[in-house]
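Reading through the structure tokens given below for one structure.
The chains referred to below are lettered A, B, ... by the order of the sequence lines, with proteins before strands, and numbering in each begins at 1. The structure displayed is predicted, hence computed values, not measured ones.
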There are 2 protein chains.
Amino acid sequence: MEKKSVETQENILIAARAIFAQKGLAGARMQEIADTAGINKALLHYYYKNKGKLFEQVFDEALKKLFRPMAVFMADDSELFQKIRNICKHYNEVLIDYPFIPNFVINEINSDPTRILKLLDFEGVLEGKKKTEFQINEAVKAGLIRSIDPRELILNVISMSIFPFAARPIIKELLYENEDLNKVLQARADQVADFIIQSIKL
Amino acid sequence: MEKKSVETQENILIAARAIFAQKGLAGARMQEIADTAGINKALLHYYYKNKGKLFEQVFDEALKKLFRPMAVFMADDSELFQKIRNICKHYNEVLIDYPFIPNFVINEINSDPTRILKLLDFEGVLEGKKKTEFQINEAVKAGLIRSIDPRELILNVISMSIFPFAARPIIKELLYENEDLNKVLQARADQVADFIIQSIKL
DNA sequence: CTCCATTTTAACCATATGGTTAAAAAAAAC
DNA sequence: GTTTTTTTTAACCATATGGTTAAAATGGAG
């Protein structure tokens with residue numbers, strides 16, 4: 001019967017992820033989370049003391065999902081073009097499964113900038129960054145790619161990988177009105193990588 | 001003394017833009033808007049009946065700011081490469097002045113998807129779209145650019161133009177910790193255009 | 001059947017918040 | 001100086017919401 005307990009807590013998390021992602025910390029209602037989880041408010045507070053704690057757990061999860069591909073990319077020892085393909089694919093896989101995360105994270109960081117601190121201590125991203133910037137600079141020197149600021153390149157990669165998910169409803173209405181956006185986005189990983197490589201290769 | 005009245009209403013709007021952009025509809029407090037505007041709550045409600053009305057006005061403004069460059073791009077009769085440079089520059093100019101808008105619009109649309117309807121009746125975007133898609137397809141046929149889905153190209157343009165502003169605090173911490181991000185972003189319009197043109201030109 | 005963890009019921013509290021009101025005060029217009 | 005508009009004061013209301021509590025009910029495990 002511990003099983004039931006664990007299952008209930010998982011249902012709460014599932015509900016909380018959906019509600020927080022859609023409405024944010026301020027807009028989410030504990031009652032709605034309880035309803036969505038199929039339980040009542042008392043039980044919700046029985047497992048999660050307060051809204052803030054629940055939010056933090058959900059938010060930290062999301063943060064990790066969003067920054068792990070970045071950390072993996074920075075630490076990746078592959079050759080540059082392969083590395084670019086890897087991060088595009090990696091982001092695409094994660095965001096297909098958790099499409100609400102970019103908007104969620106961006107939004108909540110914006111509404112409470114002190115949360116940026118949580119980014120800073122995120123494992124490995126900043127150390128790997130130097131390595132990757134070095135690698136890009138070397139590729140320029142070696143005449144493998146045209147001259148470009150490493151940070152510009154990285155920014156372009158993540159912009160094209162993440163933005164379509166963050167702005168999903170807008171993109172849908174604007175460009176892919178009559179199509180299954182999921183399929184479009186799924187096919188996009190390779191296209192983005194190609195687009196980038198085409199731009200920088202010599 | 002109408003002047004005072006107009007000035008006060010403008011102060012309210014300025015405050016509302018800042019507060020709504022940072023905290024969203026649900027998170028914004030009328031009291032804080034009043035304080036920021038330098039007036040009291042009673043006067044705030046004297047000029048703007050309720051929170052919803054005030055929000056709508058601010059949101060509609062933002063929507064227009066975000067979609068005008070898109071409409072202009074779609075309707076632009078310039079040659080393709082120049083057209084790409086134009087939209088990059090146009091977006092950059094707007095977003096340097098109103099850097100909070102992308103996050104604001106994306107977030108609120110996500111939190112209340114019925115607001116997407118407001119996009120649909122936005123002037124000119126959808127008509128111009130066909131023309132621009134046609135233009136891109138012709139450029140492919142003419143051997144001016146490599147083969148690419150017009151929508152993919154458009155999506156890449158707006159992703160790279162808008163995302164850095166939406167994710168501004170993250171980008172700052174991650175890539176440009178010790179630099180003036182405004183200057184970086186200001187210089188970016190031409191870089192983005194070049195990046196794209198490099199990728200598609202033959 | 002009995003025990004124990006899980007869950008519900010239902011009432012309740014404190015607080016924050018959007019919004020209102022009426023009268024007074026301040027400021028400008030005439 | 002009188003009138004009109006703008007603004008403040010300050011109290012007030014209704015409601016939503018996060019959170020609590022205690023007792024009852026449920027249901028599986030031994």
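Using a 4.0 Å heavy-atom cutoff across all strands shown, A:Lys41 reaches at least one base atom of the nucleic acid. Note on A:Tyr47: only backbone sugar-phosphate atoms sit closer than 4.0 angstrom, heavy atoms only; bases stay farther off.
Rounded to whole angstrom, the span from the CD atom of A:Glu7 across to the C1' atom of C:dT7 amounts to 13 Å. Rounded to an integer number of Å, the gap from A:Lys51 NZ to D:dA16 C1' is 11 Å. Distance, B:Leu44 CG to C:dT20 C1': 13 Å, rounded to whole Å. Computed from coordinates, the A:Leu43 CG to D:dG19 P distance equals 15 Å when rounded to whole Å. In this structure, OH of B:Tyr46 is placed 15 Å from C1' of C:dA23, rounded to the nearest angstrom.
A heavy-atom distance below 4.0 Å to DNA chain D is reached by these residues of residues 24-37 of chain A, ordered by number: A:Ala28, A:Arg29, A:Met30.
Here A:Asn50 does not reach the OP1 or OP2 of D:dG18: none of its side-chain N or O atoms lies under 4.0 Å away. For B:His45, a side-chain nitrogen or oxygen approaches OP1 or OP2 of C:dG19 to under 4.0 Å. Within the 4.0 Å cut-off from OP1 or OP2 of D:dT7, at least one side-chain nitrogen or oxygen of B:Thr8 is found. Between A:Asn40 and C:dT8, a side-chain N or O to OP1/OP2 separation shorter than 4.0 Å is present. Under 4.0 angstrom from either OP1 or OP2 of C:dA5 there lies no side-chain N or O belonging to A:Ser5.
The pair B:Asp60-B:Lys118 meets the salt-bridge criterion, with a side-chain N (NZ, NE, NH1 or NH2) lying under 4.0 Å from an Asp/Glu carboxylate O. Salt bridge status for B:Lys53 with B:Glu56: absent, with no side-chain N to carboxylate O gap under 4.0 Å. A salt bridge links B:Asp77 with B:Lys131; the closest basic N to acidic carboxylate O contact falls under 4.0 Å. Between B:Lys64 and B:Glu61 no salt bridge is recorded (no basic side-chain N to carboxylate O distance below 4.0 Å).
Ring-centre distance between B:Tyr91 and B:Phe67: not below the 6.0 Å cut-off.
Heavy-atom distances to DNA chain C give each of B:Ala42 and A:Ile39 a nearest nucleotide, and the one nearer the 5′ end belongs to A:Ile39.
Side-chain polar atoms of B:Thr36 and B:Glu32 form no donor-acceptor pair below 3.5 angstrom. For the residue pair B:Gln31 / B:Asp35, a side-chain donor-acceptor distance below 3.5 Å is found, with atom types taken as modelled.
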